[in-house]
Amino acid sequence: MSIADELATVYDAKSTEEEMYKFWEENEFFKADETSDKPPFSIVIPPPNVTGVLHMGHALDGTLQDILTRYHRMSGYEALWLPGTDHAGIATQAVVEKKLRAEGKSRFDLGREKFLEETWKWANEHKSAILNQFKRLGASFDRTRERFTFDEGCSAAVKKVFVDLYNKGLIYKGAYIVNWCPRCMSAISDIETEYETEQGHLWEISYPLVNEQGAIVVATTRPETMFGDVAIAVHPSDYKYKDLIGKKVYIPLSRREIPIIADEYVDKSFGTGAVKITPAHDPNDYEVGKRHNLKPIWVIDEQGKMIDCPEVPEDIRGLDRYEAREKTVGMLSYNNSLIRITEHEHNVGKCQRCNTTIEPLLSEQWFVKMEPLAKEAIAAVKDGRIKFVPERWEKNYLGWMENIRDWCISRQLWWGHQIPAYYHNQTGEMVVAEENPDPENYTQDTDCLDTWFSSGLWPFSTMGFPNTETADFKKFYPTSVLVTGFDIIFFWVARMITMGLEFTKKAPFSTVYIHGLIRDEKGQKMSKSKGNTIDPVNIIDKYGCDALRFTLTSLCTYGGQDIKISDERFEYGRNFANKIWNASRFVLMNLDGVDNNNIDMNSLTLADKWILNKLNDAAKEVNENIKNYRIGEIAHILYDFFWNSYCDWYVEIAKIQLQNPEQKLNTQRVLRYVLDMSLRLLHPIMPHITEKIWQLIPKQSEFKAIIKADYPVYEDKFSYPQESEEMELVFETIKSLRNVRQGFNISPSVPINIEIRAAKEEKSVFEAVVSYIKRLARINEIIFEDINSDVPKKSAACVVSKSRIIIPLEDLIDLNAEIKRQEKKLDKLTSEKNSLLGRLNNEKFTSKAPKEVIEQSKQRVEEIEHQEESIKELINNLK
RNA sequence: GGGCGUUUAGCUCAGUUGGUAGAGCGCUUCCCUUACAAGGAAGAUGUCGGGAGUUCGAGCCUCUCAACGCCCACCA
């Protein structure tokens, strides 16, 4: 009993995956050698959050990176896929704070040092969890090089970059209006703010003039900010308010006096044409205030509560901003200051992390001056040093870069890279340096850096930077390609390009491969709150890892469209894996007695040549497509080749050849060779099953593992275009005969005989494949007759190319049915011919179309005419 | 307000220099043929969103309209 006989008829994904991954790890096949002479291929993983769990987006992203890594590893490159995680400032701090809250504590109870200790502990516990989940995906990344955005090396890189940028004048500190999240209690950057349309109100409030009759009515969406008003602005050319400019009004409720000013910022046609100016709590108002030298007044604090200060009426102080709004409106109404309320739809900024409504807040923050840095980042994409796939994302990237705004990098958090700025305890003097100049007398800035600041350095901080002389940096930087979704082009890709160019003078990668986002079956974004997530680990448990990978890969279109998935879609990959498994079982079971020699190229049958030619074409196309990042396409090519060519036809024909003592040995070699190569071609997509089977194949050479085997490429010696075309003729014959059988309801168990009336040039082909036709179309006897000999009365017929196949049916045939069948075919051919003739008779076509097209059309017409004639003859014979 | 994407078989989607449309699932009929019923065989199914244009010829190029989706900007 051979090993193949012991293999189950259903592929057991789980045990294979465990066994193979262990095998790869034990043999350190994922480890990249920085001293290798091979050309480098490197990818750094988009580091998943240390707080995270594996989701479908990771599964897709990881699969694509693994495919590229495995492909290049097999194609003569020293391939490195570098894994790691992101400390994820806000997200991680939030999780730990939540944990503390459950214990009735806040981070302030612990104090910064103790809190960080707790968070480090937590992070260290969770750091490898998500990467261990990536292992279930078959990820062939090099864990010996695993990094963390908050590890020592990354921290050194962050300090170096910060100090350098500061010294170059590209980092500055100042008071500006920022997006403030009252829940995170921190500033966030512009791109971390997402806008949502909300149905709100526009309140019109009357501000009475000082020392005279009358009032000015302003419209606002945020009445609670009125206590921070420093002016009312109108448009300078607005005749309604011309006489009021320069006069003073009282703020209702608080009775503070403020001036009426003129500023072009005001839109005359909106609301009442008069705007209240609150510089501390609105970005536009801040600009207006600056222009008019008005001192901002803060009325809302970091938690979104009304400040306890003289400007805020006592009843309002300490209230949450929404309670304050309600109360203010009530008081205004009671006071007859509220003129009108209208429904108003407007956009409200939300914190990307926690969806809390952003409070624009004037505060002291650190910024990166982006414009000077963006110049090179724009040039690198425009001149082709970096290319986006698909190309359209370049436009998106450039559009953002060309309108870049300064990047607020300070966060009022504890978990993260603390800003390397130190203040003298007495004088307040500030020193920006990698180390504290004098810990006795200087205290470090309490703010942390935006997580993306450290992620932006990832491609080179992981390679040794600030030391650019490390073996890894020299061998693997710049990296080859960055694989990610379009949602983080601005957050991450743009920053890496900017920082990479500034600090290494090189683009951190030459290609940015952007794939679509995973969505649920209705096209909705997956999220825990919607409850529509599909857990990749569940899919792996249910269908197998290779099935998941194959399905996801097959859904990756070149255009990078979003991918809609449901559980059932993974049946596609599972069924294919099972097919591979069973076809392999068949081959393995039929290799008894095979030698170690290569295929004897001199005794190939027509079918052998055909499958070798097909395999060769597939290898060629796969290599071309993978190089062009048409990764979904390779799944389709290999599926079609393996299933429709190898399994459906070649394996079936091999069964016949194996029974022929003269053909047996070489057929075994061809079966083995094609299986071997197919598995290699498939390995980057379906690593486990291919490795498992490959190691069961008795082989000529002593490869240790498929993961290290050479990837197949096109080889001239396997090119048989002529023979392949002849073979297609055979397939057409067999299909036609099956069609007749089915059409006349002839059971497979009923033997039939046929006569082949071959055209001269096709006769030898038919003679060579008699055994195939007999077996695959279930024919009892085949007689060769002259093409012009009489056709028996009661028979069906097929016209194949220039030859005819006659199926004498005697009583079985319904003559009318056969006539109808033939007439239908004739109709089809005739209409095709007419359309072609229409073209050929069009002088414009014949004079303008390329010669090949004209020639092709003529040939096809000839072919059709020949077949038409045959069919007509056959019909006449039936009548 | 600006930009991008999508619209092809009942469903989900491919379609690479313009040459009369493909896959998977589903559907119909037949088959447990010694790798596989998660399988095999044979089939049916499309005015390629509407309109106009360029061209000998358009799913593919140009314009326009429509629907849906996304991104950016953000007038209180």
Side-chain angles (χ1 to χ4, degrees), chain A residues 4 7 9-11 191 195 202-203 218-222 225 233 265-267 269-278 282-285 344 346-347 349 392-393 395-396 399-400 403 486-487 489-490 517 521 523 525 543 547 551 554-555 557-566 568-569 571-572 574-590 624-625 628 630 632-633 636 639-640 647-648 651-652 655 734-735 738-743 745-749 775-778 831-832 835-836 838-840 842-850 852-854 856-857:
Chain A
L7 300 176
T9 57
V10 171
Y11 168 57
I191 47 174
Y195 288 90
L202 202 53
W203 285 277
V218 304
T220 181
T221 53
R222 303 203 50 198
T225 64
Y265 151 74
V266 180
D267 178 353
S269 61
F270 188 88
T272 62
V275 194
K276 56 192 264 329
I277 301 297
T278 322
D282 182 278
N284 292 305
D285 291 6
H344 182 59
H346 61 146
N347 286 336
R392 70 186 148 93
W393 293 110
K395 208 174 172 181
N396 191 263
W400 190 69
N403 298 295
F486 59 79
D487 51 335
I489 290 177
F490 302 153
L517 265 34
E521 54 196 314
K525 224 172 176 171
Y543 299 99
T551 301
S554 76
L555 295 172
T557 66
Y558 183 65
Q561 291 305 314
D562 287 352
I563 296 168
K564 282 189 239 177
I565 55 165
S566 60
E568 299 75 43
R569 298 207 82 164
E571 288 175 7
Y572 179 60
R574 180 202 57 183
N575 293 354
F576 186 45
N578 201 233
K579 189 72 181 178
I580 294 170
W581 183 254
N582 281 297
S584 302
R585 278 180 65 238
F586 170 81
V587 174
L588 295 175
M589 284 190 282
N590 284 281
E624 280 169 6
N625 279 291
N628 292 315
R630 294 170 181 267
E633 196 58 27
H636 299 131
Y639 182 96
D640 177 62
C647 293
D648 287 351
V651 166
E652 291 307 315
K655 287 175 185 169
I734 293 167
K735 280 187 194 169
R738 285 169 174 170
N739 183 303
V740 169
R741 206 181 251 287
Q742 177 95 3
N745 252 324
I746 306 166
S747 150
S749 55
R775 164 91 175 241
L776 299 177
R778 293 170 179 267
S831 77
E832 192 189 339
S835 143
L836 284 165
R839 262 199 234 169
L840 287 166
N842 184 341
E843 208 183 315
K844 285 177 180 168
F845 175 73
T846 49
S847 62
K848 292 189 176 176
E852 308 92 70
V853 176
I854 298 174
Q856 231 178 335
S857 304

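To find a chain, count down the sequence lines: A is the first, B the second, and so on, and within it residues start at 1.
Between the side chain of A/Arg569 and the backbone N or O of A/Lys564 there is at least one donor-acceptor pair closer than 3.5 Å. Between the A/Asn396 side chain and the A/Arg392 main chain, no donor and acceptor come within less than 3.5 Å of each other.
Atom CG in A/Asp640 sits about 9 Å away from atom P in B/rG24, given to the nearest Å. Computed from coordinates, the A/Asn347 CG to B/rC74 P distance equals 10 Å when rounded to whole Å. Atom pair A/Asn739:CG and B/rG43:C1' shows a separation of 8 Å (rounding to whole Å applied). A straight line from CZ of A/Arg630 to C1' of B/rA14 spans 11 Å, rounded to a whole angstrom. A/Glu521 places its CD atom 10 Å from the P atom of B/rU12, with the value rounded to the nearest Å. Going from atom CZ of A/Arg574 over to atom P of B/rG24 covers 16 Å, rounded to whole Å.
Here, B/rC68 and B/rC32 have their C1' atoms 47 Å apart, quoted to the whole Å. Comparing B/rC60 with B/rG15, their P atoms are spaced 14 Å from each other, to the whole Å. Taking atom P in both B/rU16 and B/rG22, the straight-line distance is 13 Å, to the nearest Å. Across B/rU12 and B/rC31, the matching P atoms stand 33 Å from one another, rounded to whole Å. Comparing B/rU8 with B/rA23, their C1' atoms sit 13 Å apart, to the nearest whole Å. For the C1' atoms, the distance from B/rG49 to B/rU7 is 6 Å, rounded to whole Å. Distance noted for atom C1' between B/rA38 and B/rC61: 44 Å (whole Å). Nucleotides B/rG5 and B/rG19, compared at atom C1', are 28 Å apart to the nearest Å.
Of the candidates B/rC56, B/rG24, B/rC30, B/rG24 carries the atom nearest the A/Tyr639 side chain, counting heavy atoms from C-beta on. Listed nucleotides B/rU20, B/rA76, B/rU29 differ in distance to A/Gln742; the shortest reach to its side chain belongs to B/rU29. Side-chain proximity of A/Leu836 to the nucleotides B/rC71, B/rA76, B/rU20 is greatest for B/rU20. Closest to the side chain of A/Met589, from the set B/rA76, B/rA35, B/rU20, is B/rA35. You'll find that the side chain of A/Lys564 is closest to B/rU12, out of B/rU12, B/rA38, B/rC30. Nearest nucleotide to the side chain of A/Asn578, out of B/rA76, B/rA14, B/rC36: B/rC36. Checking B/rA42, B/rC56, B/rA35 against every side-chain atom of A/Asn582, the shortest atom distance belongs to B/rA35. Side chain of A/Thr9, nearest nucleotide from B/rC74, B/rC36, B/rG5: B/rC36. Checking B/rA76, B/rU20, B/rA38 against the side-chain heavy atoms of A/Val10 singles out B/rA38 as nearest.
Classification of the A/Trp581-A/Tyr11 ring pair by plane angle, with boundaries at 30° and 60°, yields tilted. Under the 30°/60° scheme for interplanar angles, the aromatic rings of A/Phe486 and A/Trp393 are found to lie parallel.
Dashed line: the shortest gap from a side-chain N or O of A/Asn575 to OP1 or OP2 of B/rG39 is under 4.0 Å. Contact between the side-chain N/O atoms of A/Lys844 and the OP1/OP2 oxygens of B/rC56 is not found at any separation under 4.0 Å. Taking side-chain N and O atoms only, A/Thr557 has a distance below 4.0 Å to OP1 or OP2 of B/rA14. Side-chain nitrogen and oxygen atoms of A/Lys655 include at least one within less than 4.0 Å of the OP1 or OP2 phosphate oxygen of B/rA35. The side chain of A/His344 contributes an N or O atom lying less than 4.0 Å from OP1 or OP2 of B/rA76. Contact between the side-chain N/O atoms of A/Lys579 and the OP1/OP2 oxygens of B/rC36 is not found at any separation under 4.0 Å.
Residue A/Asp648 is in sugar-phosphate contact alone, with no base atom involved, counting any heavy-atom pair closer than 4.0 Å across all strands shown. Among the protein residues, A/Arg778 comes within range of the nucleic acid bases, having at least one heavy atom under 4.0 Å from a base atom.
For B/rA35, the base has a donor-acceptor partner in the side chain of A/Glu652 [N/O atoms by modelled type, under 3.5 angstrom]. The base of B/rC56 has none of its N or O atoms less than 3.5 Å from a complementary donor or acceptor on the side chain of A/Asn842.
The distance from the CH2 atom of A/Trp203 to the NZ atom of A/Lys276 is 11.5 Å, given to the nearest 0.5 Å.
Judged by closest nucleotide on RNA chain B, A/Trp393 is the one of A/Arg738 and A/Trp393 placed further toward the 5' end. Looking at which nucleotide of RNA chain B each of A/Glu633 and A/Val587 is closest to, the 5′-most match is held by A/Glu633.
Checked by atom type, the side-chain pair A/Asn842/A/Arg839 shows no donor-acceptor distance below 3.5 Å.
Because its NZ or CZ atom is both nearer than 6.0 Å to the ring centre of A/Phe586 and within 45° of the ring axis, A/Lys655 counts as a cation-pi partner of that residue.
Here the closest heavy-atom approach between residue A/Leu517 and residue A/Asp562 is recorded as N-OD1, 2.9 Å.
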